[in-house]
Protein chains: 2
Amino acid sequence: MTTTATGGSEVSLLPGELDRPAEPPIRTMRVAEAVSAARQILEVEGADALTMRRLADEMGIQAPSLYKHFSSKADLELLLIEDALFDVGDVTHRALHDSGHNSTILSLLVTYRAFSLSHPNLYRLATAGPLVRQRLPHGLEEWAGNPWFVVTGDASLAQALWSLAHGLVILELDDRYPPGSDLDGTWRAGAAAFERAVVVPATS
Amino acid sequence: MTTTATGGSEVSLLPGELDRPAEPPIRTMRVAEAVSAARQILEVEGADALTMRRLADEMGIQAPSLYKHFSSKADLELLLIEDALFDVGDVTHRALHDSGHNSTILSLLVTYRAFSLSHPNLYRLATAGPLVRQRLPHGLEEWAGNPWFVVTGDASLAQALWSLAHGLVILELDDRYPPGSDLDGTWRAGAAAFERAVVVPATS
DNA sequence: CCATAGTGGGTAACAGCGTTAGCCTCCCAC
DNA sequence: GTGGGAGGCTAACGCTGTTACCCACTATGG
């Protein structure tokens with residue numbers, strides 16, 4: 001950790017790596033308040049309710065004054081995305097750490113699903129639409145994505161598994177499955193397919 | 001087809017079923033023109049460019065006159081979603097029909113990916129956000145989703161495979177994979193996992 | 001043959017959105 | 001004690017979807 005050797009950008013493959021990535025974001029008191037209030041509005045009332053005027057109201061100021069703290073609404077939303085990535089990273093790293101060695105893929109998927117469904121609007125904001133990744137804290141995205149690599153042991157398989165999880169989540173959030181679908185069964189089927197793919201890697 | 005027996009809502013499991021679902025949508029000439037123009041704007045210039053004033057301009061009328069044909073912008077967008085579902089259904093059904101019996105899952109995924117990437121804005125419109133499914137033509141959604149069931153033979157596996165495909169597509173469209181990712185490899189890994197799951201169904 | 005109703009256009013306007021310009025006041029450091 | 005930044009304010013702009021209301025044409029029924 002304290003070594004400043006080159007190659008420090010490598011990511012640990014061991015589960016139980018709970019340390020957050022470097023560069024913890026430094027925020028003004030007022031900025032932190034605003035992000036907190038914005039998150040509250042977003043999660044409770046939905047994305048449409050999160051307007052600059054509504055947020056300003058919540059803080060007891062006028063909307064234009066928000067621009068003393070954020071250069072744009074997208075700027076504010078980026079901080080919300082940042083928080084969401086930290087939270088989902090925390091929760092998935094913890095899931096790996098707690099699940100021991102048995103069926104880590106399923107437990108990772110269950111954890112991811114639970115988090116997303118309990119923060120639907122935040123999840124949608126953080127994952128929908130293009131991402132300006134160069135403005136995120138360095139290493140955050142990799143750190144948040146690391147659990148998927150840990151449980152699969154392969155980069156392509158990790159991305160595919162994460163894609164499956166995201167697809168399942170976002171379609172469930174958007175009520176895209178036909179009514180009466182057995183969603184638990186769908187998640188289990190997906191998990192089973194990937195668990196088989198991991199124990200028997202690249203047979204072809 | 002012409003039998004009016006009850007139970008006609010069942011969906012054929014045989015590949016090669018290219019018939020579109022019943023209830024072909026009937027549209028006024030002007031409505032069809034508007035939807036066509038809207039699709040043009042959407043696909044060429046993106047979702048932000050598709051405004052009521054912009055669409056009206058394209059048709060040589062004023063924006064409020066559009067409300068003689070649509071009750072709201074969401075109403076217009078629903079027709080675009082309808083068209084997108086017909087198109088993606090056509091293309092995936094045809095993929096099954098053409099691919100014979102070898103590696104239907106991979107060819108379905110490849111086809112789905114190709115269609116989505118060549119109509120990114122239409123695909124996003126049709127799949128992002130909640131869907132008011134009761135206003136879609138009856139049977140359209142089931143018909144468009146049928147290929148996923150055909151190649152897996154199982155409802156849960158079909159939904160999981162479709163979820164994987166959607167996740168892969170939407171994350172690729174939104175540039176969510178880290179730069180330098182081997183996306184072809186990611187798609188192949190996902191396809192391989194599901195192909196194994198199909199040939200060895202539910203071993204546990 | 002005329003009246004009537006429906007279809008499809010137009011203009012004016014409203015509320016809400018993100019955002020900018022410009023002003024003012026307080027507090028702190030030099 | 002005196003700048004100067006930090007953080008508030010009001011007014012306003014251009015854009016969005018949308019409504020109200022008016023008008024011309026066309027077709028149909030008595």
Side-chain angles (χ1 to χ4, degrees), chain A residues 25-83 121-122 124-126 128-132 135, chain B residues 25-83 121-122 124-126 128-132 135:
Chain A
I26 31 180
R27 296 178 183 172
T28 311
M29 184 76 63
R30 211 79 177 109
V31 166
E33 286 177 33
V35 171
S36 171
R39 177 163 175 168
Q40 189 83 2
I41 295 172
L42 174 66
E43 293 198 342
V44 173
E45 304 173 43
D48 288 351
L50 182 55
T51 71
M52 298 302 267
R53 287 172 175 86
R54 174 83 174 78
L55 174 59
D57 265 14
E58 211 69 24
M59 299 179 65
I61 62 177
Q62 298 297 315
S65 298
L66 285 173
Y67 290 82
K68 302 292 177 171
H69 308 285
F70 309 100
S71 65
S72 68
K73 192 189 180 188
D75 192 48
L76 161 68
E77 288 174 337
L78 192 72
L79 297 186
L80 287 169
I81 295 173
E82 196 178 293
D83 281 8
N121 293 309
L122 183 65
R124 241 195 235 99
L125 175 70
L131 175 64
V132 278
R135 301 200 46 206
Chain B
I26 32 178
R27 296 177 183 173
T28 310
M29 184 78 61
R30 212 77 176 109
V31 166
E33 286 177 32
V35 172
S36 171
R39 177 162 175 169
Q40 189 83 2
I41 296 172
L42 174 66
E43 294 199 340
V44 173
E45 304 174 42
D48 287 350
L50 182 54
T51 70
M52 299 301 267
R53 285 172 177 84
R54 174 84 174 77
L55 173 59
D57 265 14
E58 209 71 24
M59 299 178 65
I61 61 176
Q62 298 296 317
S65 298
L66 284 173
Y67 290 81
K68 304 292 172 158
H69 307 286
F70 309 100
S71 65
S72 66
K73 192 189 181 187
D75 192 47
L76 160 69
E77 288 174 337
L78 192 72
L79 297 186
L80 286 170
I81 294 173
E82 196 178 293
D83 282 10
N121 294 308
L122 183 65
R124 240 195 236 98
L125 175 70
L131 175 64
V132 278
R135 299 200 47 206

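Residue numbering restarts at 1 for every chain, and letters A, B, ... go by the order of the sequence lines.
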Measure [atom1]/[X] against [atom2]/[N] and give the value in whole Å, please.
| X | N | atom1 | atom2 | result |
| --- | --- | --- | --- | --- |
| Leu55(A) | dG16(C) | CG | C1' | 16 Å |
| Leu66(A) | dG7(D) | CG | P | 13 Å |
| Asp48(A) | dG18(C) | CG | P | 10 Å |
| Ile61(A) | dA6(D) | CD1 | C1' | 13 Å |
| Met52(A) | dT20(C) | CE | P | 10 Å |
| Glu77(A) | dC17(C) | CD | C1' | 13 Å |
| Leu76(A) | dG18(C) | CG | P | 10 Å |
| Met59(A) | dC9(D) | CE | C1' | 15 Å |

Looking at side-chain heavy atoms only, is the closest gap between Leu50(B) and Asn121(B) below 4.5 Å? no
Selected nucleotide, minimal atom distance to Arg53(A) side chain, candidates dG22(C), dA11(D), dC17(C): dC17(C)
Looking only at side-chain atoms of Gln62(B), point me to the closest of dT11(C), dT19(D), dG9(C). dT11(C)
Upstream residue (5' side of DNA chain D) when Ser71(B) and Lys68(B) are each assigned their closest nucleotide: Ser71(B)
Do Asp75(B) side-chain atoms and Phe70(B) backbone N/O form a donor-acceptor pair below 3.5 Å? no
Would a distance-only check, ignoring hydrogens and angles, find a side-chain to backbone donor-acceptor pair under 3.5 Å from Thr51(A) to Arg54(A)? yes
Is there a side-chain polar atom (N or O) of His69(A) under 4.0 Å from OP1 or OP2 of dA6(D)? no
Whichever of Pro64(A) and Thr51(A) has its nearest DNA chain C nucleotide further upstream toward 5': Thr51(A)
Using a heavy-atom cut-off of 4.0 Å across all strands, would you classify [X] as base, sugar-phosphate, or nothing?
| X | result |
| --- | --- |
| Arg30(B) | sugar-phosphate |
| Ser65(A) | base |
| Lys73(B) | sugar-phosphate |

Does Gln40(A), at its CD atom, have more than 12 non-hydrogen atoms belonging to other residues, nucleotides or ligands within less than 6.0 Å? no
Sort out for me which residue in His69(B), Glu33(B), Glu82(B) forms a side-chain hydrogen bond (donor to acceptor under 3.5 Å, both in side chains) with Arg27(B). Glu82(B)
